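Just so we're clear, the structure is a prediction, and the values are computed from it rather than from any experiment.
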Amino acid sequence: MDVLATEMSMIDAPYFGFTGEKFCGVEFAINKNLEGTGITIKDLIKESNEKKWFEWKRIE
């Protein structure tokens, strides 16, 4: 499971009818996947920003 991509896709979920209850369910699943690893979603977001994992690049 790509935890970071799942978390990031939740940003616009409310615009597609995703309820607060569903959002909490996904957050719970993400936290369960990370449980015991010593990694938090904030750690992943910080690393993705530092390493520019999701930087948009123009393809020519």
Side-chain angles (χ1 to χ4, degrees):
M1 175 180 178
D2 189 341
V3 178
L4 186 57
T6 302
E7 176 69 24
M8 293 180 76
S9 70
M10 299 292 289
I11 292 169
D12 60 355
Y15 298 109
F16 295 99
F18 223 67
T19 64
E21 186 175 293
K22 289 180 183 178
F23 186 83
C24 289
V26 173
E27 289 287 313
F28 175 81
I30 288 171
N31 289 326
K32 280 303 234 181
N33 279 304
L34 294 175
E35 190 175 274
T37 64
I39 301 170
T40 66
I41 195 65
K42 288 182 181 182
D43 295 333
L44 292 174
I45 292 169
K46 181 180 176 185
E47 186 173 355
S48 74
N49 288 332
E50 290 170 355
K51 295 183 178 179
K52 300 179 182 179
W53 290 346
F54 296 99
E55 183 178 85
W56 290 94
K57 297 178 183 173
R58 185 178 179 146
I59 299 173
E60 294 185 37

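Applying the salt bridge (Lys or Arg N to Asp or Glu O under 4.0 Å) criterion to Glu35, with sequence neighbours excluded, gives Lys32. Residues forming a side-chain hydrogen bond (donor to acceptor under 3.5 Å, both in side chains) with Glu47 (at least two apart in sequence, or on another chain): Lys51. Residues passing the side chain to side chain contact (heavy atoms under 4.5 Å, CB included) test with Ser9, sequence neighbours excluded: none.
Residue Ile30 holds its CD1 atom at 12.0 Å from OG1 of Thr40, rounded to the nearest 0.5 Å. Distance check, rounded to the nearest 0.5 Å: CG of Asp2 to CD of Glu7 gives 11.5 Å. With rounding to the nearest 0.5 Å, the separation of CG in Asp43 from CG in Leu34 is 9.0 Å.
At least one donor-acceptor pair under 3.5 Å links the side chain of Asn49 to the backbone N or O of Ile45.
Pairs passing the salt bridge (Lys or Arg N to Asp or Glu O under 4.0 Å) check and including a residue from residues 12-28, sequence neighbours excluded, do not occur.
Leu4 approaches Ser48 most closely through the heavy-atom pair CD2-CB, 3.5 Å.
Grouped with Phe28 in a hydrophobic cluster is no other residue, since no side-chain heavy-atom contact under 4.5 Å to another Ile, Leu, Val, Met, Phe, Trp or Tyr is found. The hydrophobic cluster around Tyr15 extends to Phe16, counting ILVMFWY residues whose side-chain heavy atoms fall within less than 4.5 Å of a member.
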